[in-house]
Protein chains: 2
Amino acid sequence: MLSKKTKYGLKALTFLAAQKGRAPVQISEIAKHENISQKFLESILLTLRKTGLLGSKKGKGGGYYLIKEPKDIPMTTVMRVLEGPIAMVPCVSLNFYEKCEDCPDEASCSVHKLMLQVRDSTLEVFRNNTLADLVP
Amino acid sequence: MLSKKTKYGLKALTFLAAQKGRAPVQISEIAKHENISQKFLESILLTLRKTGLLGSKKGKGGGYYLIKEPKDIPMTTVMRVLEGPIAMVPCVSLNFYEKCEDCPDEASCSVHKLMLQVRDSTLEVFRNNTLADLVP
DNA sequence: TTATTACCCTATCGATTTAATAGAGTAAGC
DNA sequence: GCTTACTCTATTAAATCGATAGGGTAATAA
């Protein structure tokens, strides 16, 4: 299940991408337009800024804005920042790999075999989509 | 993230599919072989039996066994029983559809658009795999 | 320089879910 | 009729999630 953090993050990014210019947009405006708890959104935008996806400007006329062009922001990046691993099990994760405690042998593990396919197909979707593709 | 319930369920099913005959296998044997808490496994196997994937036999020489041939058990069925919805958001789920509270319009929702693609590609993987494909 | 605006950070909290455990009950077979 | 092994209910500890509260700080305009 997609977390609300990811859901809200995606909506906020799309909203920013849909802006005409790259002028800062206030948190309150995004929250209002997308029906998101403002405080919760604050923490999400903060994460996105720390990761380098967003820039921010303080003071009057401040807010958040995209640093790169939407077409240059692949969904793989966004999803990993917001949701974490794309794989459903750590033992098939590219960026967050962990060995299973129980499983003695990955090569012969049925779960591993299936989830590897799921990871690959999901990854392909995220690689084929940039933020620009999400803007209506 | 895949729940342990699903993970254990998949391993148990694969173990049963790998048996030579279709003779009942005791819970304790499956639990031991797959490194699973026996009590937890009990509840999982019970679910699988109630859904019609497994049969059970009580008393001495009893246990659980597959009702159908592994090649006739698609992963879509197994995953829906164990993990629930395949979609990451209810608004793109085929079997567990729910409208989003916040979202005013699905057609123009960026999250909807992206998750629809993910659902489709994941579904294709599960449709292309039967339990027989998981046996090493 | 000063007031305001709006981002920044920490802490907390209730609700829910997950994984596991305990213990008693019941049906089948020898 | 006794053992075996499945069946069911209840409980619990831990983790996570979503949300909220409240104050701090930096940048900007006047």
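Atoms considered below: every heavy atom in the structure, side chains included; atoms not considered: hydrogens, waters and symmetry mates. It should be emphasised that the depicted structure is a prediction, and the values quoted were computed from it without experimental measurement. Chain letters run A, B, ... following the sequence lines, proteins first, then strands; residues in each count from 1.
Heavy-atom nearest nucleotides on DNA chain D were determined for A:Gln38 and for A:Gly59, and the one closer to the 5' end corresponds to A:Gln38. Of the two residues near DNA chain D, A:Phe40 and B:Ile27, the one whose nearest nucleotide lies more 5' is B:Ile27.
Looking at A:Met1 and B:Pro90, their side chains come closer than 4.5 Å, going by heavy atoms from C-beta outward. A 4.5 Å side-chain heavy-atom check between A:Ile86 and A:Phe126 finds at least one atom pair inside the cut-off. A:Arg22 is listed as a side-chain neighbour of A:Glu69, based on a closest heavy-atom distance under 4.5 Å. Contact of the A:Gln26 side chain with the A:Tyr64 side chain is not registered, since no non-hydrogen atoms from C-beta on lie closer than 4.5 Å.
C:dC7 atom C1' lies 15 Å from atom CD of A:Glu29, rounded to whole Å. Here C:dA19 presents its C1' atom at 18 Å from CD of B:Glu34, a figure rounded to the nearest Å. Spacing between atom CD1 of A:Ile36 and atom C1' of D:dT20 amounts to 16 Å, rounded to whole angstrom units. Between the CG atom of B:Leu46 and the C1' atom of D:dT9 there is a distance of 12 Å, given to the nearest Å. Look at CG on A:Leu54: it is 13 Å from C1' on C:dC7, rounded to the nearest Å. In this structure, B:Leu82 atom CG and C:dA19 atom C1' are separated by 15 Å, rounded to whole Å. Between the P atom of C:dT18 and the CD1 atom of B:Ile44 lies a distance of 12 Å, rounded to the nearest Å. Atom NZ in B:Lys60 sits roughly 7 Å away from atom P in D:dT4 (whole-Å rounding).
Distances shown here put a side-chain N or O of B:Lys50 below 4.0 Å from the OP1 or OP2 atom of D:dC8. Distances shown here put every side-chain N or O of B:Tyr8 at or beyond 4.0 Å from the OP1 or OP2 atom of C:dA19. Regarding contacts with the backbone of C:dT21, a side-chain N or O of B:Ser37 is found under 4.0 angstrom from either OP1 or OP2. Proximity of A:Ser56 to the phosphate of C:dC8: a side-chain N or O atom is located under 4.0 Å from OP1 or OP2.
Counting only heavy atoms from C-beta on, B:Lys39 has its side chain closest to C:dA24 among C:dA24, D:dA29, C:dC8. Among the nucleotides D:dC6, C:dC7, D:dT20, the one closest to any side-chain atom of B:Tyr64 is D:dC6. Considering only side-chain atoms of B:Lys4, the nucleotide from D:dG22, C:dA19, C:dC8 that sits closest is C:dA19. Closest approach to the B:Lys57 side chain among D:dT7, C:dC7, C:dG29 is made by C:dG29 (side chain taken as heavy atoms from C-beta onward). Closest to the A:Gln26 side chain, of the nucleotides D:dC8, C:dC7, D:dA19, is C:dC7.
Annotation: B:Glu124, atom CD; neighbour count of heavy atoms from other residues, nucleotides and ligands within 6.0 Å does not exceed 12.
Backbone-only contact: A:Ser3 has heavy atoms under 4.0 Å from sugar-phosphate atoms and none from a base. No contact: A:Leu45 has no heavy atom under 4.0 Å from any strand.
For the residue pair B:Glu83 / B:Ser3, a side-chain donor-acceptor distance below 3.5 Å is found, with atom types taken as modelled.
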